[in-house]
Amino acid sequence: MSGLLAAGAISGAGVAQADDGATEQSGASATLAGLETYGSAVIHEAGKDEKVSAGLFRMAVDDGGTLQTYCVDIHNPTQPDAKYQETSWSGTSLHDNTNAGRIRWILQNSYPQVNDLAALARKAHAGSLTEQEAAAGTQVAIWRYSDKADVDAVSPAAEKLADYLQRSARDLAEPQASLTLTPQAVSARPGDEASAARADSDAEDAGDRVGPVTVHTNAESVTVMPPAEVAAGGVKLVDEKGEPVTTAKNGSRLYFAVPERAAKAGSAELTVQASTTVPVGRAFASDTRSQTQILAGSSESTVSATATATWASEGAVPALSARENCAKGGVDITAANNGDAPYTFTLMGTRHTIPAGETRTVTIPLQEDQAYDFTIKGPHGFEKRIRGVLDCATTSAVGSTAGGGLRTQATTQPSPASVGGTGSDSDTDLAETGSSNATPIIAGIAVLLVLVGGASIVLGRKKKSPGDGDGDGDGDGDGDGEGERVAE
């Protein structure tokens with residue numbers, strides 16, 4: 001899956017560069033701090049029982065904020081200080097899980113969203129519940145739906161809560177992103193009214209507008225931040241009327257106003273940022289081999305999203321965006337060509353041509369758990385890097401490891417959060433699904449792509465299945481070249 005980091009783009013004539021992760025570049029970016037509130041559970045698999053930690057993780061949001069999450073990937077370990085990015089279910093093992101909506105119901109109707117533990121215990125007929133038991137029972141119920149896991153909580157009260165949540169869960173829709181921009185990349189040929197709107201003709205050095213890029217957010221407003229290079233090149237961010245913008249709201253349409261003196265070739269980037277709570281049920285994926293998380297609680301947090309624009313007066317003018325497509329088992333690269341010449345490239349041995357004025361999507365097929373690193377080049381110095389790790393299935397979806405044993409890693413003690421940690425178990429036989437050291441990449445593949453000037457991909461990794469379940473009871477909640485494959 002993938003973290004998304006957009007490197008600065010350069011405006012004016014010359015090079016256009018971007019450095020992105022594969023999933024949609026939007027929402028909250030955070031660093032895993034560790035298990036915060038947890039108890040114990042036992043996984044039953046292949047005739048073996050293994051004791052594991054079960055509970056809430058804590059994440060520190062970049063630029064401010066705190067998230068609480070549960071994991072939806074029981075056999076995949078976490079990496080210390082792993083970087084995570086908010087993403088859609090389609091880029092995770094939840095993409096084909098018919099019970100993903102029930103997991104969201106559990107999150108909305110249990111701890112920490114429900115912090116009245118006495119009331120929660122009454123509903124579950126659990127007697128009483130501590131925070132650790134509430135967290136453990138909630139995680140166990142989630143694993144039963146996310147991983148089809150045969151797992152029980154060690155505490156009788158936590159087990160009763162898990163049973164109640166599993167039985168009562170109802171299907172809910174996937175939550176929307178806290179902040180995103182669509183599309184992530186736009187392009188245009190200045191002077192071509194079919195692909196770029198004219199800027200205000202009364203404005204000095206008006207030139208053309210490239211866009212639009214639409215804001216989608218649950219925040220009341222967002223701050224629009226063009227980088228210094230944009231201002232220096234004379235490129236402005238404007239609204240539909242051609243007026244400069246510094247703030248926007250949900251549904252706002254933003255444009256890059258390119259002055260005539262910069263219209264020969266160039267690129268620019270815009271970033272929007274807001275402070276908001278991230279919706280419960282949003283998935284978080286890492287660009288390392290670290291288990292997928294799902295949001296259980298959010299403080300007021302800083303969220304951001306980035307989009308790029310590319311323009312040129314002649315030839316092909318590419319705009320590229322990428323996202324993981326678990327349904328197809330790979331990464332979708334969407335290429336738009338708003339130039340006046342075809343855009344041709346060879347991708348994994350297949351030649352693709354995008355006529356002027358058209359947009360097409362090609363899927364790069366990958367193996368489960370493979371790391372990838374694409375550098376895609378094009379005309380006018382265009383260059384874009386995309387990297388991440390494909391993590392679309394749980395272990396049971398791709399078969400057990402050799403010997404049929406569990407893949408959790410034993411450790412003497414989990415790593416609770418440094419602030420507010422309430423972890424209670426430190427058994428020496430505890431198998432920690434959430435804080436074990438990195439396991440080495442199992443498989444490695446390098447793929448060379450050429451995309452109008454050259455592109456390369458480096459791949460690596462291996463792994464895991466969505467759950468199925470049933471619920472009844474009561475509850476509520478809402479250039480051109482050749483590609484070749486080289487084995488590492």
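Being a predicted model, the structure only gives us computed values, none of them experimental.
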*Could you tell me whether the side chain of P259 reaches within less than 4.5 Å of the side chain of V235, counting heavy atoms only?*
yes

*L254 side chain reached by V224 side chain, heavy atoms, under 4.5 Å*: yes

*Do the side-chain N and O atoms of T361 and T334 include a donor-acceptor pair separated by under 3.5 angstrom?*
yes

*So how far is it from R58 CZ to L67 CG, rounded to the nearest 0.5 Å?*
9.5 Å

_Between T359 and I354, is there a side-chain heavy-atom distance shorter than 4.5 Å?_
no

*Would you give the length of the straight line joining atom CG of L390 to atom CD of Q367, rounded to the nearest 0.5 angstrom?*
10.0 Å

*asked:* Suppose we screen for side chain to side chain contact (heavy atoms under 4.5 Å, CB included). Which residues come up paired with Q293, at least two apart in sequence or across chains?
replied: F57, M59, T69, C71, T78, Y84, F284, Q291

*With the side chain counted from C-beta on, respond yes when T217 and V222 share a heavy-atom pair under 4.5 Å apart, and no when they do not.*
yes

*For the residue pair L366 and Y372, establish whether any side-chain heavy-atom pair is separated by less than 4.5 Å.*
yes

*asked:* With no hydrogens and no angle check, just 3.5 Å: does a side-chain donor-acceptor pair link S178 and N218?
replied: no

*Roughly how far, to the nearest 0.5 Å, is OG1 of T363 from NZ of K328?*
4.0 Å

_Pairwise distance CG(D96) to OG(S90) - rounded to 0.5 angstrom_ = 11.5 Å

_Name the residue from S286, S26, S29 that meets the side chain to side chain donor-acceptor pair (under 3.5 Å) definition with Q85._
S29

*asked:* Just so I know, are the side chains of E174 and R282 near enough to count as touching, which here means a heavy-atom distance under 4.5 Å?
replied: yes

*Qualifying residues under salt bridge (charged side-chain N to carboxylate O under 4.0 Å, His left out), relative to E300, sequence neighbours excluded*: none

*Would you indicate whether Q176, at its atom CD, is surrounded by more than 12 heavy atoms from other residues, nucleotides or ligands within a distance under 6.0 Å?*
no

_Suppose we screen for side chain to side chain donor-acceptor pair (under 3.5 Å). Which residues come up paired with T31, at least two apart in sequence or across chains?_
K83

_Does any part of the side chain of R360, heavy atoms only, come nearer than 4.5 Å to the side chain of P355, both counted from C-beta?_
yes

_Under the salt bridge (charged side-chain N to carboxylate O under 4.0 Å, His left out) test, residues paired with E314 that sit two or more places apart_ = none

*Kindly indicate whether the side chain of L181, heavy atoms from C-beta on, has any atom under 4.5 Å from the side chain of T214.*
no

*asked:* Applying salt bridge (charged side-chain N to carboxylate O under 4.0 Å, His left out) as the test, list every pair that has at least one member in residues 245-257; sequence neighbours left out.
replied: E240-R253

*Using only heavy-atom distances, determine whether the side chains of R323 and S88 contain a donor-acceptor pair under 3.5 Å.*
yes

*Mind checking side chain to side chain contact (heavy atoms under 4.5 Å, CB included) for A149 and listing every partner two or more places apart, or none if nothing turns up?*
I74, W143, D147, V151

*asked:* Between T223 and Q273, do the side chains contain a donor N or O and an acceptor N or O under 3.5 Å apart?
replied: no

